[in-house]
Amino acid sequence: MSEQRDVAAHAPRAGAAPLASIVDWERVGARQEAELTAGVRIEAGKRYGFFTDTTLCIGCKACEVACKQWNQLPAEEVDLVPLTYDNTRSFSATTWRHVRFVEQLDEQPDLQAIAKPWGWHGSEQWADPGSRWLMMSDVCKHCATAPCMEACPTGSIIRTEFDSVYVQQDICNGCGYCQVACPFGVIEVATETDGKAHKCTLCYDRLRDGLEPACAKSCPTDSIRFGVVDQLLEEARVRVADLRARGVTAYLYGSGGPLEDDCDTSALGGLNCFFLLIDRPEVYNLPAVPQRPSERTLRGLVAGMITALAIGVGVGFTLRRDAR
Amino acid sequence: MKGLEAGARVSPAHAASYMGVPPIKAPSWKPGMIPGYFWLGGIAAGAWLVVSLDDLAGERDEELLRAGRWVAAGALGGGTVLLITDLGRPERFLNMLRVARPRSAMNAGAWGLTAFGGAVGLALLVQVLRDLGGAGRGANAAALDRGIQLLGLAPGLFVGSYTGVLLSSTSVPAWALRSGWLGPLFAAASTSSGIGTLLVIGELRPWRSSSTARRLARAQAAALAIELALSHVSERPAARLPSRSTEPRDERALRALAHGSAAVGLLCALRGGRDARLAAGLLAVAGGLALRFLVTRSGRRSAGTPEDTWEHAR
Amino acid sequence: MAASPRRNRLPVLAWPAARQLAGDPDAEVSERTRGIRSRLSDAGVRTHRSVCPYCAVGCGTLVHERGGQVIDVEGDPESPINGGTLCPKGASIYQYAMNPRRVTRVKYRRAKSSEWEEVDLDWAMDRIAQLFIESRERHFVMEDANGREVRHTQRVGFLGGAALDNEENYLIKKFCIGTGLVFVENQARI
Amino acid sequence: MDLQNTDCILIMGSNFAEAHPVGYRFVMRARERGAEVIHVDPRYTRTSATATSYARIRAGSDVAFLGGLVRHVLNSERWNGDAFFREYVTHYTNASTILKADFRDASELGGLFSGWNEAERRYDRETWQPAERAGSRAHDGGPDEATDDVQTSQSFGARAGNEASETVLRDPTLEHPQCVLQVLKRHFESYTPDVVERVTGIPAEQLIAIGDALLRNSGRERTSAIAYAVGWTQHTNGPHLISTAAILQLLLGNIGRPGGGIQALRGHATIQGSTDIPTLYDLLPGYLRMRNDTEAHDTRRGYVASEAARGGLWAHAEAYLASLLRAWFGPAATPENEGGFQLLPRITGDHSHLPMFVKMHNGEVDGLFLMGQNPAVGGQNARFQRAALGRLKWLVVRDLFPIESATFWKESPEVVSGETSSESIDTEVFLLPAANVLEKEGSFTNTQRLIQWHHRAVEPPGDCRSDAWFVDQLWKRVRAHYAASDRPRDEPIRALTWDYPVSGPHGEPDIDCILREINGFRFDDSIERDWDARIEGAAARDRDALLRERWLAREQLATSTRLRDDGSTACGCWIYCGVHGDGNRAASRNPGDGWISPDWGFAWPSNVRMLYNRCSADPAGRPWSERKRYVWWDDEARRWVGADQPDFPVDKPPGETGRADAVGLDAHAGDAPFVMKDEGRAWLFFPQGLKDAPLPTHYEPWETPVANALYPKQSRNPLAGTFDVAGNAYHGVANARYPHVLTTYRLTEHHTGGGMTRWNTWLSELQPEAFVEIDERLAEELGVTSGDWVTVMTARGEADARAMVTRRLRPLWIGGRRVHQIGFPWHFGYSGVATGSAANDLVALVTEPNVSIHEGKALTCDIRRGRATRPNAAETRA
């Protein structure tokens with residue numbers, strides 16, 4: 001489709017002319033798209049992340065697909081898992097967003113004995129434990145002290161100017177150490193394909209152009225909110241207070257301290273991508289108290305060497321020549 | 001391919017985990033490479049340690065030194081090949097030395113390995129020159145040797161022990177819970193299998209000095225005793241993990257092999273005699289390998305057991 | 001980090017570890033990383049406003065294209081309906097266009113055949129027109145049994161339309177009026 | 001978008017969150033503002049999970065539930081105590097109309113209304129009419145039942161009613177025993193909470209609680225909304241469901257007000273547009289009826305007499321028709337052919353989807369153009385439809401992917417199993433690759449009547465072409481063939497206008513010009529002839545430019561009020577008039593306030609975003625409340641003003657009375673908001689419009705596990721359309737062989753018959769395979785756990801899939817026994833990336849009498865463990 005033919009063939013008419021690229025889209029002008037979609041301006045030097053409010057998630061999985069679309073990630077060959085609507089099951093090198101579904105419904109009452117209400121929850125459904133179907137869109141947490149990054153031996157995993165944790169694909173040598181370091185099972189080495197580690201980039205490329213990350217942008221119900229972490233935390237606090245006033249046992253997972261009733265992520269210094277949950281973390285397949293593996297490294301190395309030396313000395317003692 | 005796996009058919013409403021899906025990832029490492037590297041690196045470090053201490057502490061035993069250097073060089077070379085092969089992008093192995101990251105056990109290991117490799121390489125060079133008749137003999141040579149051995153001592157100690165720390169600095173419960181112990185355990189195992197290798201060499205091609213074998217056997221006994229003790233102690237923190245109670249048969253066999261080899265090896269080393277020493281050496285070397293397999297394998301299974309993570313991360 | 005790439009004269013000084021020693025906080029950052037931008041900022045990218053073809057909510061989309069190839073489809077941030085958001089189907093529109101499973105050549109199956117053949121589009125159109133005219137000729141009903149003029153044929157039908165454009169539906173309807181087709185239906189009935 | 005302002009939304013017959021996730025964002029916004037979200041559904045879905053309350057209903061029993069709500073409302077203290085409701089109902093509905101004394105309700109006649117003619121199996125609707133003053137002359141534009149009988153599409157009710165007549169008796173006190181409100185009360189009196197519980201499985205307390213929620217959230221200050229989708233329409237009494245909802249909302253004063261209304265959640269990008277500009281057999285654009293074979297339609301005058309009303313917008317039906325004919329036939333619309341009316345083909349019966357396929361199955365259809373539909377999977381009794389396709393002489397499939405409807409002769413289960421073979425299928429099949437939405441320009445009309453233009457982003461690859469191109473090319477070939485014909489039968493072909501310039505590498509017709517034709521323009525015969533001469537004389541290469549120039553020169557009409565019946569205007573669809581009145585308004589893109597956003601696209605009619613919004617003000621024209629302000633009368637400016645374009649004559653004062661001698665909107669009073677209705681008021685009782693009842697009535701689905709508890713003598717719709725053909729046996733009422741209820745549905749991750757999604761790997765990995773949802777108790781009885789294969793059986797066939805055992809489904813206690821409900825998503829077929837059995841293989845061909853829609857949401861079935869032994873094996877007769 002050549003430029004000339006395009007102009008000649010489809011004479012421009014009101015509203016028909018294509019827009020320039022969205023990045024310097026004249027209608028938006030100096031405004032970034034993120035200001036429209038997330039109400040936030042993206043600038044280097046600030047901490048950005050996601051606040052995922054699971055009470056707003058409708059389990060549509062738009063985030064999963066939007067992520068794959070933007071990052072051009074291939075689909076995986078999956079088999080049906082007919083337990084609930086989650087056939088994704090876990091993160092992988094090509095799945096960076098994952099929506100979990102947790103069916104929590106009471107056992108069937110005996111119908112003959114009571115033809116009375118069940119599944120009826122008054123005005124606040126999730127206040128009642130009788131029937132609920134929890135949905136939660138999980139993602140890389142972009143931890144304040146990221147175990148994957150601390151584990152990375154090549155400096156491939158870096159912290160960007162947006163405080164996100166990013167794997168430099170031109171550096172990664174696929175050692176796989178980040179994979180075992182991650183306390184959330186996020187990062188994975190694509191052993192079958194390029195042999196490198198992959199995970200959510202917080203849409204680093206988009207942030208550079210003032211675009212909201214694809215998943216958060218696509219979320220129809222704003223369950224995934226993108227923004228400056230401190231502001232998101234403030235929003236989250238208000239939200240938790242509001243839900244608690246309504247009788248919902250909401251708490252934050254990943255605030256790094258405040259409102260972390262059922263968990264403690266302080267070892268990681270909090271998570272740039274944090275969540276509002278209404279059940280125990282394990283229900284969402286999250287560790288209650290994620291640890292920071294590198295806490296053990298220095299100590300371990302020193303202990304190891306000292307022990308080795310001690311062993312050596314001990315053994316060396318036995319090596320003395322037979323009595324002369 | 002993801003799919004319906006055995007054990008996934010539990011009602012999610014009552015499941016203690018999320019459809020049995022592990023919350024963390026098991027290692028991506030190719031089978032055998034990493035334990036093999038741990039083992040070979042350990043032999044290199046152990047052999048180096050023993051001959052260095054021997055050289056530093058007492059009379060020169062050039063034959064032992066020479067054997068130790070060759071063992072260290074060979075094992076280290078082999079281990080490095082395994083390590084590089086295991087990378088997703090082997091051609092980028094040098095990226096490990098791109099930066100210094102003290103919080104990364106892998107990065108520290110790479111630097112340590114480099115330093116150790118340098119010392120071993122230098123030692124080997126000197127050794128080869130000397131064997132070819134160059135590089136002289138005498139007091140100066142002895143000082144040179146000692147210097148080189150001393151140079152490699154710290155990195156050697158490091159290479160022998162860091163691999164355990166490498167494992168325990170992860171989110172894999174079976175490793176993480178044993179932090180503080182895996183390093184020492186691997187150090188002990190490195191020492192014992194290093195000595196074991198020298199013992200075996202000595203029995204296959206007997207030392208000129210008869211005391212060498214005896215001394216090595218004593219050292220072997222000591223090292224194995226320490227290894228056994230550490231092995232026992234280090235397992236305690238992880239014993240409460242649910243994955244331990246569901247240990248499959250092959251893993252139990254591996255455990256028996258690792259511990260049994262060390263114990264029998266210890267007895268043989270104490271007994272003395274040529275065959276016994278040979279057996280002790282072989283058992284120590286085999287036990288070292290079994291131990292590395294056991295630890296990596298139990299970690300892999302632990303990573304695949306959601307309840308382990310709940311136990312660890314709470 | 002957004003600072004321009006540093007150039008070092010000595011290769012050894014470009015070594016990140018050396019830069020690290022020299023106190024460079026961005027020593028680990030690669031050249032490629034410094035240059036990262038979204039593909040929407042590539043030269044020649046043009047954006048077109050479109051509408052999602054799936055359900056009837058009518059989400060606005062932006063189609064980003066470069067050299068006639070779709071490179072990205074996202075929600076239109078200005079749409080009061082979706083405000084940039086999309087559902088998973090909408091988010092997958094890219095594959096609606098860029099999909100190796102898509103049929104791009106005319107396929108033709110002869111009667112009784114068990115295989116497709118590839119045929120020329122023009123030939124197919126001629127053949128279809130011929131078949132249509134034959135059916136119409138053979139079965140056109142000018143008057144029904146009661147002598148009432150009905151001007152139609154019940155031998156050919158049109159089905160579908162809810163996934164097309166309004167203007168295409170209009171043409172189909174007009175075509176049917178002109179040729180006397182009365183079997184014309186779409187998904188609104190299901 | 002207005003749903004964000006609701007205080008309470010009842011979602012029923014719709015899995016809103018799953019089928020329309022982005023629309024659901026407004027529901028979630030409302031919920032977060034404190035609105036109640038009530039979901040009533042057979043299955044606990046993603047909508048239920050995010051609603052504030054959920055009620056489990058037996059599929060197909062919705063009218064009973066809604067009727068129970070109507071009864072609860074009418075008997076409630078709040079409804080009878082708050083003057084708002086009475087005022088709204090008295091002024092804005094026909095509640096006060098007094099019916100003829102001999103009208104008898106279904107509650108009196110055991111499920112049938114007066115006027116039932118058992119021999120002919122039809123209603124004589126005489127007794128359904130309003131009583132008139134003694135001695136008044138019978139209305140000359142009476143309901144034409146004959147006409148009704150051959151129409152089965154959605155229409156805006158019969159236009160030619162008697163209601164506008166000033167002779168109709170009314171009782172503003174609403175006390176008269178035959179007045180509509182009292183009749184309505186009696187009609188629903190038997191729908192008590194206990195009876196409703198027995199019918200629907202919804203506990204009585206819950207019915208009352210939901211009724212109270214609606215009452216609590218309706219009134220001057222608050223409004224409630226109802227949203228539905230095909231869970232309501234795909235029934236043999238679909239219109240009953242929707243009209244019960246309409247009655248409920250009218251009683252509660254929720255129509256035409258912000259946060260109120262009834263939202264039909266439609267399922268395809270322009271399913272609304274393809275109804276407005278209908279690729280439907282019985283409609284002409286703009287809901288004019290297709291010319292049929294009744295005597296009335298012999299002449300244009302007769303057509304107009306039967307279609308036009310005196311009051312309301314339908315008074316101008318002739319102008320709409322004349323303009324349409326002018327658009328289609330141009331100069332060839334002459335007085336001799338009644339302005340083109342005589343050129344129109346006529347329908348002679350029900351030519352809808354299912355009858356078409358029955359004829360096809362009988363070998364009585366030669367050819368079919370399949371334009372983006374996949375009946376081999378999505379069609380009811382899909383197996384039957386596949387067989388029908390195989391009896392065509394030729395089939396043209398236009399699609400993006402090799403859908404099942406194009407490959408049935410090769411890959412269908414029948415061919416694979418050897419039941420039939422490629423060699424025995426004589427159909428000549430063309431699979432023409434289509435251009436997709438990114439590769440063509442045009443407009444879609446969404447579920448809120450918003451027309452939105454999409455631009456072409458790229459050229460289609462290979463042989464892919466737009467459907468406009470296809471029709472254009474086919475038309476040109478056909479016209480060339482008949483160019484020299486002088487037979488009367490070919491006259492319409494020669495007469496039809498088709499003057500769209502083509503452009504681009506493939507010669508695509510200019511869509512903008514087509515939209516201009518749809519919009520309408522002033523038609524001047526002499527100017528048109530001049531143009532014709534100029535274009536004819538021009539060189540071939542200049543032709544397209546000249547054609548386009550002519551389109552640009554034609555004076556576009558800004559509103560349908562400009563349409564005339566004298567041939568001086570041409571308009572392809574009168575309700576779309578204005579869409580291209582001042583530039584292409586479908587392409588306008590001003591985001592606005594995110595609520596009304598009047599300059600984003602164009603909503604028909606006249607860019608009104610909320611229909612009947614005059615209701616948002618009280619009879620005197622004042623907003624009912626500050627909180628629910630929308631459109632009101634500004635006494636100083638002497639006009640209606642507000643947030644939206646008033647759906648009312650802007651300068652008609654609220655106090656004006658309708659003029660008895662006037663036609664159209666002038667016949668309406670200033671407090672008559674329903675501009676489409678003859679008398680300007682909404683119907684709580686339908687003298688015409690429905691063939692099968694003047695009031696919505698609970699009939700069981702055609703296949704039901706229980707008899708009708710409300711009308712034991714009349715379990716099912718007396719007029720449901722059945723098809724006595726092989727492979728389509730029905731189970732009937734309470735058939736012990738098929739004890740379970742089966743319902744089919746969509747998932748978020750796929751679209752309809754899967755033609756657009758099952759070849760998409762990103763979507764296919766999310767839902768890779770068909771499955772059947774069953775409750776734990778049933779699973780226990782069958783001895784299956786999640787992942788095991790089960791086979792669902794009906795008299796039409798078998799379909800197998802893996803079981804998803806879940807507590808989200810639960811049996812109900814109905815009619816003294818446990819009734820299991822089984823869920824089977826209908827997206828899947830045998831081709832593509834995501835595959836599985838087609839649930840529609842199980843569904844019967846059976847239709848609703850008014851709109852010919854099938855019943856896919858409630859039927860009965862049996863289920864067993866294991867794979868289907870005979871894939872899709874059907875019994876010829878049960």
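Side-chain atoms are counted along with the backbone in the values below, which use heavy atoms only and exclude waters and symmetry mates. None of the values given here were measured: they were computed from a predicted structure. First the proteins, then the strands, lettered A, B, ... as listed; each starts at 1.
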Residue pair Cys52(C) / Ala269(D): nearest heavy atoms and the distance that separates them: O-CB, 3.9 Å
Ile277(D) versus chain C, the contacting section by heavy-atom distance below 4.5 Å: both
Contact winner vs chain D - Met125(C), Glu117(C), Arg110(C), His152(C), heavy-atom pairs under 4.5 Å: Met125(C)
Structural part of Gln69(C) lying under 4.5 Å from a heavy atom of chain D: backbone
Separation of Gln234(D) CD from Ile853(D) CD1 (nearest 0.5 Å): 5.5 Å
Plane angle bin for Trp498(D) and Tyr500(D) - parallel if under 30°, tilted between 30 and 60°, otherwise perpendicular: perpendicular
Heavy-atom contact with chain C under 4.5 Å, split by part of Ala434(D): backbone
Centroid separation His48(C) to His64(C) less than 6.0 Å: no
Atom group of Gln130(C) that falls short of 4.5 Å from chain D, counting heavy atoms: neither
Arg127(C)/Glu428(D) salt bridge by N-O under 4.0 Å criterion: yes
Mutual orientation of the aromatic rings belonging to Phe158(C) and Phe175(C) [parallel < 30°, tilted 30-60°, perpendicular > 60°]: perpendicular
Per-residue contact mode, Val415(D) against chain C (heavy atom under 4.5 angstrom): neither
Centroid separation Phe183(C) to Phe357(D) less than 6.0 Å: no
Top of Leu766(D), Asp399(D), Leu515(D), Thr761(D) for chain C proximity - count of heavy-atom pairs under 4.5 angstrom: Thr761(D)
Between OG on residue Ser422(D) and NZ on residue Lys410(D), distance to nearest 0.5 Å: 8.0 Å
Between Asp276(D), Asp472(D), Leu496(D), the one whose heavy-atom pairs under 4.5 Å with chain C are most numerous: Leu496(D)
Contact summary for Arg456(D) and Glu441(D), nearest pair of heavy atoms: N-CB, 3.8 Å
Proximity breakdown for Ile451(D) and chain C, heavy-atom pairs closer than 4.5 Å: side chain
Proximity breakdown for Trp762(D) and chain C, heavy-atom pairs closer than 4.5 Å: both
Chain C contact via Val478(D) - which portion, at a heavy-atom distance below 4.5 Å: both
Non-hydrogen atoms of Pro285(D) and Gly572(D) that approach each other most closely: CB-O, 3.0 Å
Contacting region of Ser113(C) [heavy-atom separation from chain D under 4.5 Å]: backbone
Leading residue by heavy atom contact count with chain D [cutoff under 4.5 Å; candidates Ala163(C), Ala129(C), Ser135(C), Gly180(C)]: Ser135(C)
Arg49(C)/Glu74(C) salt bridge by N-O under 4.0 Å criterion: no
Spacing of Met371(D) atom CE and Ile172(C) atom CD1 [to the nearest 0.5 Å]: 4.0 Å
Chain D contact via Val141(C) - side chain, backbone, both or neither, heavy atoms under 4.5 Å: neither
side-chain contact (heavy atoms from CB on, under 4.5 Å) against Arg346(D), all qualifying residues, sequence neighbours excluded: Arg148(C), Val150(C), Arg291(D), His297(D), Asp298(D)
Engaged part of Arg25(D) at the chain C interface, taking heavy atoms whose separation is under 4.5 Å: side chain
Arg136(C) charged N/C atom sitting above Tyr482(D) aromatic ring, 6.0 Å / 45°: yes
Toward chain C, the part of Glu295(D) with a non-hydrogen atom under 4.5 Å: both
Interface residue of largest heavy-atom contact number with chain C, from Trp759(D), Phe401(D), Trp394(D), under 4.5 Å: Trp394(D)
Partner chain C: residue of Leu265(D), Leu438(D), Leu395(D), Asn374(D) with the largest heavy-atom pair count (under 4.5 Å): Leu438(D)
Part of Leu763(D) within contact of chain C (heavy atom distance under 4.5 Å): side chain
Chain C contact via Pro488(D) - side chain, backbone, both or neither, heavy atoms under 4.5 Å: both
Partner chain D: residue of Val73(C), Val57(C), Leu86(C) with the largest heavy-atom pair count (under 4.5 Å): Val57(C)
Largest heavy-atom contact set with chain D, pairs under 4.5 Å, which of Asn99(C), Leu171(C), Asn146(C), Val63(C): Leu171(C)
Heavy-atom pair of closest approach, residues Tyr576(D) and Gly273(D): OH-CA, 3.4 Å
Contact origin within Leu450(D) toward chain C - heavy atom pairs under 4.5 Å: side chain
Portion of Arg465(D) that has a non-hydrogen atom of chain C nearer than 4.5 angstrom: side chain
Nearest heavy atoms of Ala188(C) and Thr275(D), plus distance in Å: CB-OG1, 3.5 Å
Chain D contact via Glu137(C) - side chain, backbone, both or neither, heavy atoms under 4.5 Å: both
Proximity breakdown for Arg138(C) and chain D, heavy-atom pairs closer than 4.5 Å: side chain
Which portion of Met142(C) sits near chain D, non-hydrogen atoms under 4.5 angstrom: side chain
Closest non-hydrogen atom pair, Ile177(C) against Met290(D): CD1-CE, 3.8 Å
Arg589(D) to Trp600(D), cation-pi by 6.0 Å centre distance and 45° axis angle: yes
Contact winner vs chain D - Ala56(C), Pro53(C), Ser79(C), Ala111(C), heavy-atom pairs under 4.5 Å: Ala56(C)
Between Thr407(D), Val471(D), Asp467(D), Leu284(D), the one whose heavy-atom pairs under 4.5 Å with chain C are most numerous: Asp467(D)
Heavy-atom proximity to chain D below 4.5 Å, by part of Asp126(C): both
Proximal component of Ser443(D), with respect to chain C [non-hydrogen, under 4.5 Å]: both
Heavy-atom proximity to chain C below 4.5 Å, by part of Thr847(D): neither
Main-chain N/O of Val29(C) paired to Thr33(C) side chain as donor or acceptor, under 3.5 Å: no
Heavy-atom pairs under 4.5 Å with chain C, option from Glu749(D), Arg494(D), Gln342(D), Met360(D) with the top count: Gln342(D)
Greatest number of heavy atom pairs closer than 4.5 Å to chain D - which of Ser92(C), Cys87(C), Ala124(C): Ser92(C)
